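Taking it in order: structure first as structure tokens, then the write-up.
Here the structure is a predicted model, which means the values were calculated and not measured.
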Amino acid sequence: QLQLVESGGGLVQPGGSLRLSCAASGFTLDYYVIGWFRQAPGKEREGVSCISNSDGSAYYADSVKGRFTITRDNAKNTVYLQMNSLKPEDTAVYYCAAVGIIPVQAMCVMTNRRGYWGQGTQVTVSS
């Protein structure tokens with residue numbers, strides 16, 4: 001069974017940190033561009049960060065630049081999203097996705113659900 005599973009979400013105070021993980025099973029992430037997306041209630045889905053499978057280049061939404069870092073560990077078949085200096089507006093369900101052949105920035109701005117998607121993990125930033 002091909003699937004992506006997100007973990008690491010939770011409740012954190014403003015200014016805190018979380019690290020999300022996106023683990024793949026049934027397929028190898030080496031051949032895929034991976035993206036993290038989020039969706040808050042009543043808002044459209046937003047591409048947060050995406051990472052290439054070829055050169056490790058990454059794209060970040062302006063809203064998270066300097067605070068979030070995406071990395072991939074192909075040996076563990078896992079992609080991470082380190083989130084620092086969290087703000088209440090970061091509250092959302094975070095999803096990871098894998099797409100085979102796509103430019104990194106194009107993946108983060110896509111509006112469809114192309115490729116494989118996880119079920120999401122809730123991140124709540126609140127005092």
Side-chain angles (χ1 to χ4, degrees):
Q1 185 178 2
L2 308 179
Q3 61 177 351
L4 294 171
V5 178
E6 303 94 338
S7 61
L11 172 64
V12 63
Q13 292 187 342
S17 298
L18 284 174
R19 188 178 78 157
L20 305 183
S21 298
C22 171
S25 62
F27 68 106
T28 302
L29 288 181
D30 296 32
Y31 305 109
Y32 293 84
V33 177
I34 308 300
W36 283 98
F37 299 79
R38 66 186 181 187
Q39 189 162 21
K43 293 188 177 182
E44 291 189 353
R45 191 183 74 200
E46 176 187 21
V48 174
S49 182
C50 297
I51 187 166
S52 167
N53 63 315
S54 58
D55 60 5
S57 59
Y59 167 89
Y60 296 92
D62 288 342
S63 57
V64 306
K65 275 181 185 176
R67 300 188 298 122
F68 291 11
T69 303
I70 189 170
T71 56
R72 61 192 302 156
D73 186 337
N74 288 341
K76 294 184 178 179
N77 216 24
T78 301
V79 174
Y80 304 97
L81 185 68
Q82 178 67 42
M83 306 187 296
N84 298 328
S85 303
L86 283 162
K87 304 175 181 180
E89 51 263 44
D90 294 318
T91 296
V93 178
Y94 284 70
Y95 303 88
C96 66
V99 176
I101 300 176
I102 189 170
V104 173
Q105 183 172 350
M107 175 150 185
C108 262
V109 300
M110 72 179 185
T111 56
N112 56 30
R113 284 181 66 89
R114 178 179 168 186
Y116 301 107
W117 287 76
Q119 293 300 308
T121 185
Q122 175 70 46
V123 172
T124 303
V125 185
S126 175
S127 55

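Side-chain atoms of S21 do not come within 3.5 Å of backbone N or O of Y80 as any donor-acceptor pair. Using a distance-only test at 3.5 Å, with no hydrogens or angles considered, a donor-acceptor pair links the side chain of E6 to the main chain of G120. Side chain of R113 to backbone of A97: no donor-acceptor contact under 3.5 angstrom is found.
Note on L81 and Y59: separate hydrophobic clusters, where clusters join Ile, Leu, Val, Met, Phe, Trp and Tyr whose side-chain heavy atoms are under 4.5 Å apart, directly or indirectly. In the hydrophobic cluster analysis, where Ile, Leu, Val, Met, Phe, Trp and Tyr join through side-chain heavy atoms closer than 4.5 angstrom, L4 is grouped together with L18. Side-chain heavy atoms closer than 4.5 Å link hydrophobic residues (I, L, V, M, F, W, Y) into clusters, and following such links, possibly through other members, connects V79 to L20. Placement of L2 and V99 in two distinct hydrophobic clusters is found when ILVMFWY residues are connected by side-chain heavy-atom separations under 4.5 Å, directly or transitively. No path of Ile, Leu, Val, Met, Phe, Trp and Tyr side chains, each step under 4.5 Å between heavy atoms, connects I70 with V93, placing them in separate hydrophobic clusters.
Minimum interatomic distance between S57 and D55 (heavy atoms only, all atoms of both residues): OG-OD1, 2.8 Å. Here the closest heavy-atom approach between residue I34 and residue M107 is recorded as C-CE, 4.0 Å. Counting all heavy atoms, side chain and backbone alike, A92 lies closest to A40 at CB-N, 3.8 Å. Nearest approach of P14 to S127, heavy atoms of both residues: CD-N, 3.7 Å.
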Exercise. Go through the steps for I51 and Y32 under the test side chain to side chain contact (heavy atoms under 4.5 Å, CB included), then give the verdict.
Key: CA-CA 9 Å; I51 187 166; Y32 293 84; over 6 Å; no

Practice problem: Report the C-alpha separation of S54 and S52 in whole Å, then their side-chain angles, then the decisive distance to 0.1 Å, and conclude whether the side-chain hydrogen bond (donor to acceptor under 3.5 Å, both in side chains) test is met. | Solution: CA-CA 6 Å; S54 58; S52 167; 2.9 Å; yes

Exercise. Evaluate side chain to side chain contact (heavy atoms under 4.5 Å, CB included) for S126 paired with L11, printing each intermediate quantity in order.
Key: CA-CA 7 Å; S126 175; L11 172 64; 4.2 Å; yes

Exercise. Apply side chain to side chain contact (heavy atoms under 4.5 Å, CB included) to the pair R67 and D90, showing each step before the final yes or no.
Key: CA-CA 11 Å; R67 300 188 298 122; D90 294 318; 2.7 Å; yes

Quiz item: Between S25 and Q1, does a side chain to side chain contact (heavy atoms under 4.5 Å, CB included) hold up when you go through it step by step?
Solution: CA-CA 7 Å; S25 62; Q1 185 178 2; over 6 Å; no

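A heavy-atom distance below 4.5 Å is found between the side chains of V64 and R38. The side-chain heavy atoms of S49 and F68, taken from C-beta on, include no pair separated by under 4.5 Å. In this structure, the side chains of M110 and C50 stay at 4.5 Å or more apart for every pair of heavy atoms. Side-chain atoms of R114 and I102, non-hydrogen and from C-beta on, do get closer than 4.5 Å to each other. Between Y60 and T69 the shortest side-chain heavy-atom distance falls below 4.5 Å. Side-chain contact check for T121 versus S7: every heavy-atom pair is 4.5 Å or farther apart.
Surrounding CD of Q119 are at most 12 heavy atoms belonging to other residues, nucleotides or ligands under 6.0 Å away.
With R72 as reference, L29 is the one residue of D30, N77, L29, T78 to meet the side-chain contact (heavy atoms from CB on, under 4.5 Å) rule. Checking each of Y95, W117, Y94 against F37 for a ring-ring contact (aromatic ring centres under 6.0 Å, His included) leaves exactly one that passes, namely W117.
Using a 4.0 Å cut-off between a side-chain N of Lys or Arg and a carboxylate O of Asp or Glu, K65 and D62 qualify as a salt bridge.
Atom CZ of R19 is separated from atom CG of N84 by 11.5 Å, given to the nearest 0.5 angstrom.
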